[in-house]
Amino acid sequence: VAALLEGEEVEMGAESDDEFRDFMRGRWSAMVRLAYTLTGDQGHAEDIAPAAFSSAYSAGGRVRRAGDPDAYVRAIVIHENSKRFRKQRIREDLRAAVPECGTGTDDRLADRAVLRDALNRLGPRQRAVIVLRFWLDMSEAATAQALDCSVGTVKSQTSRALATLRKYADITEGELR
Amino acid sequence: MTGLHDALDDIAAEITPIDPPVELAMRLGRKRHRRRIAAITGTAGAMALSAAAVFGIPALTGPASTPTHTLGAARGAGIPLARPVLLESPPGSATEYGDASLVNTATLRLFQRLACTPVPSDLGGAVTNDAWKAAVGYTAAQWNAPEARSSPATHPASSTSSARP
């Protein structure tokens, strides 16, 4: 009741709706792509992203007060992904071959296929750590906060994830950045 | 292998997201919002808040400055509040502590019927309703004799296991 009365959930009106529409249109692609890198599945990504935006919409006042709506929705995407694994015990598919799509040179396609295969061998938390640390360039502390774990856990998960990537994708130290 | 960052960039660029389902997200958001309110205040609260929004009654959009403000604002928006009320009646006392007028009638009736106290009458308490003991044939000797309760065969209540106080 206290949270409700503090106005965290009840700021809904024509003006905030327009604001939300603009925000969602602007950030939709980025959030779907983030969800895709976290899940490796476009279908799951397109399930997670609307759920994240609807959560943000229902918490409009809190998002506004947080000052960085992008980070807020990104955190929800990460959380929704973790929740999906916790609740449904979904495991990533390990595929012998991956479909080739997109554009680029043959080498890059091959690299991407190898990396995707290696990423699919990671657990959801290790994969999330890799995406947040090496794709979104988040610090260890920010990653720990986003994943709701300790910095030590981020370090250990990163170390294990990189060991797996080195083993299956032949990534060297110089290629981490 | 290119850098990990670039490779993840490439993977992210593999998909072409569908058009953003803005209206769907907003509809889901409103539904989630109503569900949260209903969970906190009951369905009537959610309906009242929705109605307040439709009829232009100011919604609660800022932190309440005082408890009075909170209560007044909640009443204005038709939100029933959970009221913490301490109501107790110590053993041997007919006096109720707390403000009985804040307790709704049904709860007060239940409180008075149960005469809530953990002390049974045969151990010094004066207000417990011990009628259930007679109903199941439970005596004071058994109450103070744990070994008498260890054997279901000798337990008078075992034949009437469905009878509960």
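Every chain is numbered from 1, with letters handed out A, B, ... down the list of sequences.
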Exercise for review: Applying side-chain contact (heavy atoms from CB on, under 4.5 Å), run through B/M26 and A/M24 and close with a yes or a no.
Suggested key: CA-CA 10 Å; B/M26 288 169 66; A/M24 185 168 171; over 6 Å; no
To the nearest 0.5 angstrom, please state how far the [atom1] atom of [X] sits from the [atom2] atom of [Y].
{"X": "B/E23", "Y": "A/D17", "atom1": "CD", "atom2": "CG", "answer": "8.0 Å"}
{"X": "B/I11", "Y": "A/T37", "atom1": "CD1", "atom2": "OG1", "answer": "8.5 Å"}
{"X": "A/S54", "Y": "B/L24", "atom1": "OG", "atom2": "CG", "answer": "8.0 Å"}

Check your understanding: Quick one: side-chain hydrogen bond (donor to acceptor under 3.5 Å, both in side chains) pairs with a partner in residues 152-165 of chain A, sequence neighbours left out?
Key -> A/S150-A/T153
Check your understanding: Is it the case that more than 12 heavy atoms not belonging to A/Q145 sit under 6.0 Å from its CD atom?
Key -> no
Check your understanding: Got a sec: does the CG of A/D70 have more than 12 other heavy atoms crowding it under 6.0 Å?
Key -> yes
Check your understanding: Would you say A/W28's side chain and B/I18's backbone share a donor-acceptor pair under 3.5 angstrom?
Key -> yes
Kindly give the heavy-atom pair with the smallest separation between [X] and [Y], and that separation in Å.
{"X": "B/T16", "Y": "A/Q42", "value": "O-NE2, 3.5 Å"}
{"X": "A/A51", "Y": "B/R32", "value": "O-NH2, 3.6 Å"}
{"X": "B/P21", "Y": "A/P50", "value": "CG-CG, 4.1 Å"}

Exercise for review: Using non-hydrogen atoms and a 4.5 Å limit, figure out which bit of A/I130 sits close to chain B: side chain, backbone, both or neither.
Suggested key: both
Review point. Could you walk me through whether B/R30 and A/S58 pass the side chain to side chain donor-acceptor pair (under 3.5 Å) check?
Key: CA-CA 6 Å; B/R30 286 193 194 100; A/S58 70; over 6 Å; no
Review point. Picking from B/D6, B/L4, B/D9, what satisfies side chain to side chain contact (heavy atoms under 4.5 Å, CB included) with A/W135?
Key: B/D9
Exercise for review: Identify whether A/L136 and A/M31 are in the same connected component of the hydrophobic contact network (ILVMFWY, side-chain heavy atoms under 4.5 Å).
Suggested key: yes
Check your understanding: Do B/E14 and A/R33 meet the salt-bridge criterion of a basic N to acidic O distance under 4.0 Å?
Key -> no
Check your understanding: Are side-chain heavy atoms of A/F53 and B/V22 found at a separation under 4.5 Å?
Key -> no
Revision key, fill the gap. Contacts of A/A71 meeting side chain to side chain contact (heavy atoms under 4.5 Å, CB included) (sequence neighbours excluded), chain-then-number -> A/D68, A/R74
